[in-house]
Amino acid sequence: MTDASPSVTLRPATERDADFLADILLEAFNWTGEARFTREQLLADPRSAQYVAGWPGPDDFGVIAEDPTTGERIGACWARPLPPDNPGYGYVAPDVPELTLGVLPAHRRRGVGRALLDAVVAAARERGLARLSLSVEDGNGVAALYRSRGFVPVGRDGDADTMALDLKS
């Protein structure tokens, strides 16, 4: 992958990014800016830890955003299928990978999330997947990005929408 814009470089997520994905998972869970969860809490909870545990699995794929000047990792988006006996927050079906997206606070609102999301959606299409899903809590402004890219609500889990994107249309 190459430059997505003048301000970010994208590359495939690899095994060496596993710890960074856990950091981004924490950012995604703490999207309000408050420290609602610690990294240790997320990784100790099987429902949240499964988004990063054993990364990458055979059907996992994702993208890392880097600052092109410093090489610093500034965001990530990845997708992985989750099992029906341990569904994620945005679970739809075992053949529908669930997407996670996060950008470090200092780099938000600059198009990084959009570039990451578009790259993972393109990768899902290249893999021949039919759909992607995700979960977004009420009040999280990133929901507008998801809607703008075609994700639609397909269910609720507590105070969050489960959204899906049909990749075949």
Side-chain angles (χ1 to χ4, degrees), residues 1-29 31 50-83 87-105 107-137 140-155 160-169:
M1 292 180 194
T2 59
D3 287 345
S5 73
S7 62
V8 65
T9 299
L10 301 180
R11 65 165 175 80
T14 67
E15 184 177 341
R16 73 179 186 274
D17 296 307
D19 282 341
F20 182 69
L21 295 184
D23 294 340
I24 291 299
L25 182 66
L26 180 62
E27 291 295 335
F29 271 77
W31 64 269
Q50 69 182 334
Y51 290 101
V52 294
W55 175 268
D59 297 319
D60 297 345
F61 58 100
V63 179
I64 302 294
E66 296 178 333
D67 179 297
T69 305
T70 65
E72 172 194 12
R73 295 176 293 189
I74 60 175
C77 185
W78 67 97
R80 74 180 342 180
L82 298 173
Y89 293 96
Y91 182 82
V92 172
D95 64 339
V96 179
E98 193 171 336
L99 183 140
T100 304
L101 169 68
V103 176
L104 297 177
H107 300 279
R108 292 181 184 157
R109 303 208 178 278
R110 297 180 183 172
V112 176
R114 180 179 59 247
L116 286 163
L117 179 61
D118 290 349
V120 167
V121 168
R125 283 193 169 105
E126 288 172 11
R127 290 169 170 258
L129 295 171
R131 294 190 295 170
L132 288 172
S133 70
L134 57 85
S135 175
V136 62
E137 286 183 285
N140 190 334
V142 77
L145 171 62
Y146 298 141
R147 284 191 300 274
S148 78
R149 294 307 195 250
F151 283 86
V152 296
V154 295
D161 281 329
T162 297
M163 300 180 82
L165 175 64
D166 181 356
L167 297 167
K168 298 295 184 178
S169 57

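If you read the sequence from its start, that first residue is 1, and numbering goes on from there.
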Separation between CG (L101) and CG (L145), nearest 0.5 Å, reads 7.0 Å
Heavy-atom side-chain proximity of V8 to D67 below 4.5 angstrom | no
From T100 OG1 over to E27 CD, what is the distance, rounded to the nearest 0.5 angstrom?
-> 13.5 Å
Determine whether L165 and L99 make a side-chain contact, defined as any pair of heavy atoms from C-beta on separated by less than 4.5 Å.
-> no
Do the side chain of K168 and the main chain of R131 share a donor and acceptor less than 3.5 angstrom apart?
-> no
Counting only N and O atoms by type, is there a donor-acceptor contact under 3.5 Å from the side chain of R80 to the main-chain atoms of Q50?
-> yes
ring-ring contact (aromatic ring centres under 6.0 Å, His included) partners of Y51, counting only residues at least two apart = none
So, W78 side chain and E98 main chain: donor-acceptor pair closer than 3.5 Å or not?
-> no
Going by distance alone, is a donor N or O of one side chain under 3.5 Å from an acceptor N or O of the other, for E15 and W55?
-> no
Hey, does the side chain of S133 reach the backbone of G90 with a donor-acceptor pair shorter than 3.5 angstrom?
-> yes
Is there a donor-acceptor pair closer than 3.5 Å between any side-chain N or O of R108 and the backbone N or O of V103?
-> yes
Distance col, row R127:CZ vs D59:CG, nearest 0.5 angstrom, shows 7.0 Å
Does F20 offer a backbone N or O that forms a donor-acceptor pair with the side chain of D17 under 3.5 Å?
-> no
W31 side chain reached by V142 side chain, heavy atoms, under 4.5 Å = no
